[in-house]
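See below for the structure under consideration.
This one's a predicted model, so the numbers in the text were calculated from it and none came from an experiment.
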Amino acid sequence: MLKITRSKQDCNMPDNFTILHDGDGVPIAVTMSFDAFRKFAPDIAEGYLSDEALAALAAKEDDGTRYPYELAQRMMAGDHPVRIFREWRDMTQTELADKAGVAGNYISMIERGRNVPSRKLQLALAKALDVDYDMLETGPSFKAE
């Protein structure tokens, strides 16, 4: 016999969900809306959307933030994103360091690829620069030398 339990906001789940239990009361499956799944595991959920659906979703969630083409060019040329956004915001390394709560020379080391910021520091830098956390992601070319 299949038992169904409906719950709301349990177990830090982002939305309503349903737990299916087998005859012995053992949970065997969880169902939730796709929107709830997107909140819970966005990267996985978006992998199931078509290009058209992703484009529509991006348009719906667009906050209007735009960056100059020059910034994209600099990123493609290999400049470090922290340096790019810091200079675009007209900040010195010392000013950014003060806002992020680190020493000024540490910002220099990050921008030169000598140090990779922790996730906590990357979040602080993103807040100080008023950009999304992901905008400061760096690829293999930015690993410490």
Side-chain angles (χ1 to χ4, degrees), residues 1-23 25-93 95-102 106-145:
M1 179 170 167
L2 191 64
K3 177 183 171 193
I4 299 175
T5 305
R6 296 190 191 283
S7 186
K8 185 173 186 159
Q9 300 298 326
D10 287 344
C11 307
N12 296 321
M13 295 292 282
D15 205 344
N16 290 339
F17 62 95
T18 302
I19 300 175
L20 303 176
H21 302 265
D22 67 11
V26 177
I28 57 172
V30 176
T31 63
M32 66 180 76
S33 70
F34 192 76
D35 283 341
F37 182 55
R38 271 194 66 236
K39 290 176 190 172
F40 189 68
D43 293 340
I44 296 170
E46 290 173 6
Y48 288 93
L49 297 174
S50 67
D51 290 345
E52 294 80 13
L54 280 172
L57 182 62
K60 178 181 170 188
E61 295 178 352
D62 183 6
D63 67 359
T65 302
R66 302 291 183 269
Y67 300 102
Y69 180 64
E70 175 190 87
L71 272 61
Q73 286 179 310
R74 289 184 62 190
M75 282 192 188
M76 290 186 292
D79 288 0
H80 198 285
V82 171
R83 173 178 281 152
I84 294 167
F85 285 110
R86 177 183 60 77
E87 290 175 352
W88 183 58
R89 296 287 188 207
D90 222 13
M91 296 172 75
T92 65
Q93 289 179 341
E95 290 169 334
L96 178 57
D98 288 345
K99 285 187 174 193
V102 295
Y106 197 69
I107 299 297
S108 174
M109 292 169 30
I110 290 169
E111 290 180 354
R112 289 182 292 134
R114 298 273 184 205
N115 283 347
V116 177
S118 66
R119 292 187 329 203
K120 183 178 178 180
L121 177 55
Q122 185 170 325
L123 180 61
L125 291 169
K127 286 181 179 181
L129 293 167
D130 192 26
V131 297
D132 288 340
Y133 176 90
D134 294 341
M135 295 298 291
L136 299 182
E137 286 294 314
T138 57
S141 64
F142 296 114
K143 286 188 179 172
E145 298 171 1

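The shortest heavy-atom contact between Tyr106 and Leu121 is CE2-CD2, 3.3 Å. Counting all heavy atoms, side chain and backbone alike, Ala100 lies closest to Ala124 at O-CB, 3.9 Å. Of all non-hydrogen atoms in Asn115 and Met109, the two that sit nearest each other are ND2-CE, 2.6 Å. Closest of all the heavy-atom pairs between Tyr133 and Gln122 is O-NE2, 3.1 Å. Listed here is the closest heavy atom pair of Arg66 and Asp62: NH2-OD2, 2.7 Å.
Val26 places none of its side-chain heavy atoms less than 4.5 Å from the side chain of His21. At least one side-chain heavy atom of Arg89 sits less than 4.5 Å from a side-chain heavy atom of Val131. Using a 4.5 Å heavy-atom threshold, the side chains of Leu136 and Leu129 count as touching. Using a 4.5 Å heavy-atom threshold, the side chains of Thr18 and Leu20 count as touching. When side chains are defined from C-beta on, Glu95 does not count as touching Arg86, because their heavy atoms never get closer than 4.5 Å. Between Ile107 and Leu125 there is a side-chain heavy-atom pair separated by less than 4.5 Å. Two residues are said to be in side-chain contact when any heavy atoms from C-beta on lie closer than 4.5 Å; Phe85 and Met75 meet this criterion. Looking at heavy atoms from C-beta onward, Thr31 lies out of side-chain contact with Ile19 at the 4.5 angstrom threshold.
For the residue pair Asp35 and Ser33, no side-chain donor N or O sits within less than 3.5 Å of a side-chain acceptor on the partner.
Between Arg83 atom CZ and Ser108 atom OG the span is 7.0 Å, to the nearest 0.5 Å. Atom-to-atom distance recorded for Leu49:CG and Leu54:CG is 5.0 Å, nearest 0.5 angstrom.
Within the 3.5 Å criterion, the main-chain N or O of Met135 finds no donor-acceptor partner in the side chain of Asp132. In this structure, Arg74 contributes its side chain and Asp79 its backbone to no donor-acceptor pair below 3.5 Å.
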Passes side chain to side chain contact (heavy atoms under 4.5 Å, CB included), Glu46 versus Arg38? Steps please.
CA-CA 7 Å; Glu46 290 173 6; Arg38 271 194 66 236; 3.1 Å; yes

Show your reasoning for whether ring pair (Phe, Tyr, Trp, His ring centres under 6.0 Å) applies to Phe34 and Tyr48.
CA-CA 10 Å; Phe34 192 76; Tyr48 288 93; 7.4 Å; no

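The environment of CD in Glu61 is crowded: more than 12 heavy-atom neighbours from other residues, nucleotides or ligands sit within 6.0 Å.
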